[in-house]
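Structure first, then comments.
Note: hydrogens, waters and symmetry copies are ignored here, and every other heavy atom, side chains too, is used. If you're wondering where the values come from, they're calculated on a predicted model, not measured in any experiment.
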There are 2 protein chains.
Amino acid sequence: MADIVEVKLIEFLKKKAFQPGDALPKELEMAEALGVSRNVVREGLSRLKMLGLIESRKKRGMVFVHPDILGSLEKVLDPIIMDDTTLKDIFELRLVLEMGLSELLYLKKTEKDIIELERIAKTQDTGDNTFRIKQEIAFHGKLYEMTGNETLKRFQIMLLPIFGYVTAMEEQPIQGKTNHLDLVEILKGGTKEDFSKAMLEHLAPHFNRLKDF
Amino acid sequence: MADIVEVKLIEFLKKKAFQPGDALPKELEMAEALGVSRNVVREGLSRLKMLGLIESRKKRGMVFVHPDILGSLEKVLDPIIMDDTTLKDIFELRLVLEMGLSELLYLKKTEKDIIELERIAKTQDTGDNTFRIKQEIAFHGKLYEMTGNETLKRFQIMLLPIFGYVTAMEEQPIQGKTNHLDLVEILKGGTKEDFSKAMLEHLAPHFNRLKDF
DNA sequence: ACATTTGATATGTAGAACATATAAACATTA
DNA sequence: TAATGTTTATATGTTCTACATATCAAATGT
């Protein structure tokens, strides 16, 4: 019945429209008000703490903070403990994000970004597989970074293990016929539509993989 | 220091490669093994329970289950308690998803889906604002549903309040020059590229909104 | 052979006690 | 007076004990 307390606490926070830094009632008061032991209240508070909704400071009490919405997701987004269906869903989600990025990229890209992106793309692709993956991560990570959307970027980083897990299943990595340098060239002078098309070609091997699931 | 216990428990789960249904050691054993009181262990377990990593049954003990990765996100994804930057990020994320959907849609769409989608789109648009929003939700919700990706669909549902909150800021709703029926028509006979373009036009008012933040 | 009772066991809840850190009030000194 | 050091009250952190409750499993009775 700590679940109930948890829900009530969250409702309480939303209802009162707390500002960051505002202090919550003390544990004993809550326990009394809800008719449960301090122990149960602490369990509820502990969960909110993990969700990043509150922080506790001795003597001050619990204070409300703006939640770190991705914090909790981070803890469970691990391919080892996920079921296969969700794994596929997440893999697909990543591809959808990647495809949808074009519009934002063309809104926000700067000269400086593109130069940096080109530098990353030009890094020699040795035969080493772990290096290739690193380079892949760097390039696509930079794309997300260019959007200036921190949440999006963090989300992408969290998705990497999933991506790695799925792609690691195959021995011989299949390259799309459009590579990173092609993408950079389009970003320099081409249209959004060209970029979308090129990105699709670049991701084609992954889209094909969806059918195997 | 329940944080430490939480991390250790999660590590433990990942390390042991638990199968769903497997029982964890009992609370007292863990407490002893970790050198803390049963209370602290319970706090940690309580958090895992909230993350959907474990379920507890009396006498049986705690059993591992495949996590509901979006469950925890659901609890904190509320515009009231989010900071403005994150709010904008999430709003943007939704647009990115919507734009990236085309590829999946063209992979998975069926005759039946399109008929249903057309039915939704044809529902008369009365002047009523709340109705218009409902209809908007129904249409775009159906698009996500058509992908067959349950995680994606759930995610989209969670994003709705954010979308509603942001769009509610303006009094007079601005319609894009491409409407739902146009999109359906393209889905019937047009190409992916046409669809992407049309979707962009449809979402144009929202993309414009990004500049105001 | 089947239904019932009983007991053992692991989680759930409660309450008291003490530890610890710290904000605020108070006292001390230059 | 202002700066600094000390005390004190207080809210969270941790531990321990006791009991409630549900349920699996074995013993018992029909």
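The CG atom of B:Leu48 sits 15 Å away from the C1' atom of C:dT11 (whole-angstrom rounding). Distance CE (A:Met30) to C1' (C:dA14): 19 Å, rounded to an integer number of Å. The CG atom of A:Leu28 sits 15 Å away from the C1' atom of D:dT14 (whole-angstrom rounding). The distance between atom CD of A:Glu55 and atom C1' of D:dT12, rounded to the nearest whole Å, is 14 Å. Here the C1' atom of nucleotide C:dG12 and the CD atom of B:Glu43 are 15 Å apart, to the nearest Å. If you measure from atom CD of B:Glu29 to atom C1' of C:dT9, you get 12 Å, rounded to the nearest angstrom. As rounded to whole Å, 6 Å separates atom P of D:dT12 from atom CE of A:Met62. If you measure from atom CD of B:Glu27 to atom C1' of C:dT13, you get 12 Å, rounded to the nearest angstrom.
Listed for the A:Thr123 side chain is a donor-acceptor partner under 3.5 Å among the backbone atoms of A:Arg119.
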Let me have a per-nucleotide readout for nucleotides 16-26 of chain D, 5' to 3', with B, S or -, counting only protein heavy atoms under 4.0 Å.
B-B--BSBB--
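With respect to B:Glu43 and A:Lys49, no salt bridge is recorded, no charged nitrogen being found less than 4.0 Å from a carboxylate O. Salt bridge status for A:Arg154 with A:Glu150: absent, with no side-chain N to carboxylate O gap under 4.0 Å.
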Go through the steps to decide whether B:Arg94 and B:Glu98 satisfy the test salt bridge (Lys or Arg N to Asp or Glu O under 4.0 Å), and finish with yes or no.
CA-CA 6 Å; B:Arg94 215 274 216 184; B:Glu98 207 90 24; 2.3 Å; yes
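Put simply, B:Ser56 has a side-chain N or O that comes within less than 4.0 Å of OP1 or OP2 on C:dG12. Considering only side-chain N and O atoms, B:Lys49 lies nowhere under 4.0 angstrom from the phosphate OP1 or OP2 of C:dT11.
Using cut-offs of 30° and 60° on the angle between ring planes, the pair A:His202 and A:Phe139 is perpendicular.
In terms of the side-chain contact (heavy atoms from CB on, under 4.5 Å) criterion, residue partners of A:Phe12 (sequence neighbours excluded) are, by chain and number, A:Lys16, A:Phe18, A:Pro25.
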